[in-house]
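Inspection log for the structure reproduced underneath, given as structure tokens.
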Amino acid sequence: MARTGGQMVVDALVANGVTQAFCVPGESFLPILDALHDTPSIRLTVARQEGGAAMMADAHAKLTGRPGICLVTRGPGAANAYAGVHVAAQDSTPMIVLVGQIATGDMDREAFQEIDVKAMFGDQVKWAAQVNETGRLPEYLARAFSLAQSGRPGPVVLALPEDMLSGTAETVAAPASAPVQAHPSPAGMDRFGAMLRAAERPLLIAGGPGWDAGLVDRFVAFAERWALPVSCAFRAQDRFPNTHRNYAGDAGLGINPALAERIGRSDLVIALGARLGDCTTSGYTLFDSPVPKQPLVHIHPEPDELGHVYRPTLPIAASVAAFIEAAGTLDAPADPVWSDWTKQANAAYRAWSDAATPMPGAVNWGEAVIWLRENLPADAILTNGAGNYAAWLHRFYRHRAYRTQLAPTSGSMGYGLPAAIAAKLAAPDRTVIALAGDGCLQMTVQELGTLAEADLAIIVLVVNNSMYGTIRMHQEMHYPGRVSGTSLVNPDFVALARAYGLKGERVETTDEFGPAMQRALEADKATLIEIITDPRALSPTRVMD
Ligand SMILES: Cc1ncc(C[n+]2csc(CCOP(=O)(O)OP(=O)(O)O)c2C)c(N)n1
């Protein structure tokens, strides 16, 4: 039977197990919206701006392990969505962005909102393409699902001209795409085992895509059997329980200097799934490029990533799942020589994340984060965007379960609120907290409307220092006393939350934080808590005179 292009798109979503999509509507993809009208198995959440929709799709994919789906219109919609697409690219998140495009007959006339999607997204995504024949829509969708999930996952963008979607064709519906994983070779695993047995100061850095809760459990068992110290890559702090005796802390922005020094002294660094990117390597300073001093075993699902910046002594192209399975069969020594090294790594982490950090002002944001660490359930999901407020979070919070951290390694402001909305939609029984600075929140603050409409009881924490604090910190370091472009005049955030029909509270002393949180945790609707901090508290380690 002939189907419309719009129906073919929705059939492909259903065949691939999609239950949630995010959009801002456009007249360019009405046939898809119409097909969704009769598809109750897919919940369509309508965001207020496409950047928010794309960030929601990213967070949904991170949390569920299934591709995030985002529908946007051409020129302005695709441009807005780019912010979230870039997050997905740098975080290796499987995502499919469907862009309603102008009709094929008007292409290259600079028609209303026309945009060259292939040129726009280029090699920032795994694949950007335009469909120019209705009958080939199932083929393009099948490839999109396959590419987004295989190897190193990532975003795929498909431009769908409106006549492709309204046109009809007789086609066969494709079954779900099966993502392909790379497996380590037996020889590679033998060599890995030999290198590890010969080491004296091994250290593992975990991160990247392809994890799940069961995998983390098997990884913990592996680390225990080998008594390995485990650190987590930037914003991958939930790949290993931070309360575990083998935990060495996170290798990210504002790294514990003791951990940086330990990574420098290690005689075998094992990077598992992590990309060894800018923030994980402290701005490419922890290792020498192209050949690190430390022997390096790098395990990554994408062969092209191995040797991208650092030439590994032993490159292993494998998914973390396949590697952990193979590593489970290696014989570990009864009492590894590095047991004390591992104990010291954990002690150094604890000293760092237990240290009191006195701050000017009536609210000590670090102590508030410690309240969260001591009072939130182990499976609470914390989301954030970019800003120095996150430095306290990353240092003092202890992630105890997989996917309790949803945060962009690309450092994109505005991620926390849309990510928290997507998280609560996917996991309604879990506590979800969005964290943002005053600058960060305002990047996507209009998603408070999406939150109110979806009626989700999340908590939004806004750490308000009336400035773009991170940039002010850099300014103070390089151009002291010359404030330029970094101060902010803000709305009354509490009144803003109430205008959206949400609860709002303001916290002006550290002692007020716990009770405000308790009230918010017990509330049956979303609460925004504005926390007033002193602008002199630039970071956990830097106070302005
Ligand atoms: C989309 C985007 N634009 C600009 C930046 C650059 N940037 C990084 S942090 C920051 C300031 C964040 O301010 P705020 O959210 O108030 O947090 P604070 O640093 O004050 O804690 C800016 C502008 C960015 N990371 N992302």
Side-chain angles (χ1 to χ4, degrees), residues 6 9-10 12-14 16-26 28-30 32-37 39-74 76-89 91 93-100 117 121 125 141 144-145 148-149 153-160 381 383 385 406 408 412 414-428 432 434 443-456 458 526:
V9 170
V10 173
L13 299 184
V14 172
N16 283 280
V18 171
T19 55
Q20 170 77 57
F22 301 92
C23 86
V24 173
S28 53
F29 61 94
L30 291 175
I32 300 182
L33 291 174
D34 188 63
L36 285 171
H37 179 269
T39 311
S41 63
I42 299 181
R43 177 172 50 201
L44 183 65
T45 299
V46 182
R48 299 305 186 257
Q49 206 258 24
E50 290 85 351
M55 290 177 196
M56 289 176 202
D58 174 273
H60 175 85
K62 281 195 178 108
L63 194 58
T64 63
R66 305 287 309 145
I69 308 295
C70 177
L71 299 121
V72 300
T73 202
R74 47 219 180 184
N80 282 342
Y82 213 130
V85 175
H86 186 256
V87 171
D91 277 347
T93 308
M95 184 195 280
I96 297 173
V97 184
L98 302 172
V99 181
V117 165
F121 289 95
V125 295
L141 265 299
F145 273 98
Q149 300 176 83
V156 167
V157 186
L158 288 183
L160 308 172
I381 299 167
T383 70
L406 297 178
S412 178
Y415 183 81
L417 174 59
I421 293 169
K424 192 71 178 175
L425 283 167
V432 178
M443 286 272 169
T444 52
V445 72
Q446 67 278 4
E447 302 309 338
L448 288 175
T450 313
L451 173 59
E453 182 177 339
D455 194 15
L456 304 167
I458 67 167

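Just so we're clear, the structure is a prediction, and the values are computed from it rather than from any experiment.
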Heavy-atom distance under 4.5 Å between the side chains of [X] and [Y], does that happen here?
X	Y	value
Val156	Val125	no
Phe22	Leu425	yes
Ile32	Leu160	yes
Leu33	Leu44	yes
Pro67	Asn16	no
Ile421	Val432	no
Glu453	Arg48	yes
Thr444	Tyr415	no

Take Ile42 and Val14, measure what side chain to side chain contact (heavy atoms under 4.5 Å, CB included) needs, and give me the verdict at the end. CA-CA 8 Å; Ile42 299 181; Val14 172; 3.9 Å; yes

Among [options], find the one that has a side chain to side chain contact (heavy atoms under 4.5 Å, CB included) with [X].
X	options	result
Leu71	Cys23, Pro25, Ser28	Cys23
Lys62	Val87, Ile381, Thr383	Val87
Val72	Val97, Val24, Leu98	Val97

How many angstroms lie between atom CD of Glu50 and atom CE of Met56, to the nearest 0.5 angstrom?
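One gets 11.0 Å once the value is rounded to the nearest 0.5 Å.
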
Review point. After noting the C-alpha distance and the side-chain angles of Phe145 and Val18, does the key distance pass the side chain to side chain contact (heavy atoms under 4.5 Å, CB included) rule?
Key: CA-CA 11 Å; Phe145 273 98; Val18 171; 3.8 Å; yes

Kindly give the heavy-atom pair with the smallest separation between [X] and [Y], and that separation in Å.
X	Y	value
Pro418	Gly52	CB-O, 3.6 Å
Ser412	Met55	OG-CE, 3.8 Å
Met95	Ala54	CE-O, 3.2 Å
Ala434	Gly416	CB-O, 3.6 Å
Leu406	Ala59	CD1-CB, 4.2 Å
Leu456	Leu451	O-CD1, 3.5 Å

Under the criterion side chain to side chain donor-acceptor pair (under 3.5 Å), I'd like the reasoning laid out for Thr45 against Gln20: C-alpha separation, chi angles, the key distance, then a yes or no.
CA-CA 8 Å; Thr45 299; Gln20 170 77 57; 2.8 Å; yes

Taking Ser41's backbone N and O only, do any of them form a donor-acceptor pair with Thr39's side chain (distance below 3.5 Å, no angle check)?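 Flag not set: sc Thr39 to bb Ser41 has no pair under 3.5 Å.
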
Review point. Step by step, would you call Thr450 with Glu447 a side chain to side chain donor-acceptor pair (under 3.5 Å)?
Key: CA-CA 5 Å; Thr450 313; Glu447 302 309 338; 2.5 Å; yes

Stepwise, does the side chain to side chain contact (heavy atoms under 4.5 Å, CB included) test hold for Ile96 with Cys70? CA-CA 6 Å; Ile96 297 173; Cys70 177; over 6 Å; no

